[in-house]
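Below, each value reflects all heavy atoms present in this structure, side chains not excepted, and no hydrogens, waters or symmetry copies.
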Amino acid sequence: MHPREVNEAFFRLPTLDLAQRLLGKELTLNGVGGYIVEVEAYIGPHDRAAHSYGGRRTPRTEVMFGPPGRAYVYVIHGHHCLNVVSGEEGAPEAILVRALEPTRGIKQMIERRGRTDHLTDGPGKLCQALGITRQHNGWDLLTSPLRISDGMTVETVAVGTRIGIDYAGEARDYPWRFWIDGNPHVSRPRRALRTFRLG
DNA sequence: ACTTTGATGGCCT
DNA sequence: GGCCATCAAAGTT
């Protein structure tokens, strides 16, 4: 049994705690999906890499200012990315889901991806595999067809810096990327800054 | 109305 | 490691 079950209180955990606890949980859309194996925390308004940096509030970032536990979906370079809104209501924080270990509906994922490998080892890839688009922005991840539920037990968490934010000044060095140590579905394997046991 | 940007992916060497 | 297609969103005029 996972140490913490997914419920309303789960999504109210502080963002960095929630990010670690999301590892091993199962993400599905209409029953298709897998275990979360890699995430990154974005903690606006002081995080220069966050879309909500400086308190920027636009139609795109609006959902992050709402209650935690909802989906924030955006498009970058023509690819969709899924975040879990986190933090207190009014605090624009979110956790990017970067990779899954496929568990359910693999046949459908293969059809959507047009290949049999690398189905969900990246934030854009997993959205394509599950069929996640901007229409799912704001959906409740506890009760909607796009949901996060109890998954598998995680032994060791690896910590590193976030991917693709070299423009973000000192924020590029924040250790806010978390993945399941040794998992083969991680998007960009790198050596961890450190590892720890999830208590 | 126009220009710049970027939390990517796929393929290359 | 690098290159670049790609396009919605945001910023600028």
Practice prompt. Mind calculating the distance between CG (A/Asp121) and C1' (B/dG9) to the nearest angstrom?
Written response: 10 Å
Item to complete: Describe the nucleic acid contact of A/Arg60 in one word from base, sugar-phosphate, nothing, applying a heavy-atom distance below 4.0 Å.
Response: sugar-phosphate
Fill in: Distance, rounded to the nearest Å, where A/Asn137 contributes CG and C/dA9 contributes P
10 Å
Fill in: Pair partner, B/dC11 [Watson-Crick or wobble, under 3.5 Å]
C/dG2
Worksheet entry | Atom-to-atom span, NE2 of A/His80 to P of B/dG9 - whole angstrom | 12 Å
Worksheet item: Does atom CD of A/Glu8 have more than 12 heavy-atom neighbours from other groups under 6.0 Å away?
Response: no
Fill in: Rounded distance in Å - OH (A/Tyr42) to C1' (B/dG6)
11 Å
Worksheet item: So does A/Thr58 get a side-chain nitrogen or oxygen closer than 4.0 Å to the phosphate oxygens (OP1/OP2) of C/dA10?
Response: yes
Worksheet, complete the sentence: Here the distance between atom P of C/dG1 and atom CZ of A/Arg188, to the nearest Å, is 6 Å
Worksheet item: Is A/Arg56 near enough to C/dA9 that one of its side-chain N or O atoms lies under 4.0 angstrom from OP1 or OP2?
Response: no
Worksheet item: Atom CZ of A/Arg57 to atom P of C/dA9: distance rounded to whole Å?
Response: 18 Å
Practice prompt. Indicate whether the side chain of A/Thr61 and that of A/Arg56 have a donor and an acceptor atom separated by less than 3.5 Å.
Written response: no
Item to complete: Indicate, with a heavy-atom threshold strictly under 4.0 Å, whether A/Arg113 touches base, sugar-phosphate, or nothing.
Response: sugar-phosphate
Item to complete: State which of C/dA10, B/dT8, B/dG10 makes the closest approach to the side chain of A/Pro59.
Response: C/dA10
Discussion item. At 4.0 Å (heavy atoms only), tell me whether A/Ile76 reaches a base, stays on the sugar-phosphate, or touches nothing.
Written reply: base
Fill in: Between P of B/dT5 and OH of A/Tyr53, the distance in whole Å
17 Å
Item to complete: Indicate yes or no for a side-chain donor-acceptor contact from A/Glu40 to the backbone of A/Ile95 under 3.5 Å, with no hydrogens or angles considered.
Response: no
Worksheet item: How close or far is atom P of B/dT8 from atom CG of A/Leu126, stated in whole angstroms?
Response: 12 Å
Worksheet item: Does A/Arg134 or A/His77 map to a spot on DNA chain C nearer the 5' end, using the closest nucleotide for each?
Response: A/His77
Worksheet item: Is A/Arg162 positioned over the aromatic face of A/Tyr42, cation under 6.0 angstrom from the ring centre and no more than 45 degrees off axis?
Response: yes
Worksheet item: Contact class for A/His118 (heavy atom, under 4.0 Å): base, sugar-phosphate, or nothing?
Response: nothing
Discussion item. Ring-plane angle category for A/Trp139 and A/His136, please: parallel below 30°, perpendicular beyond 60°, tilted otherwise.
Written reply: perpendicular
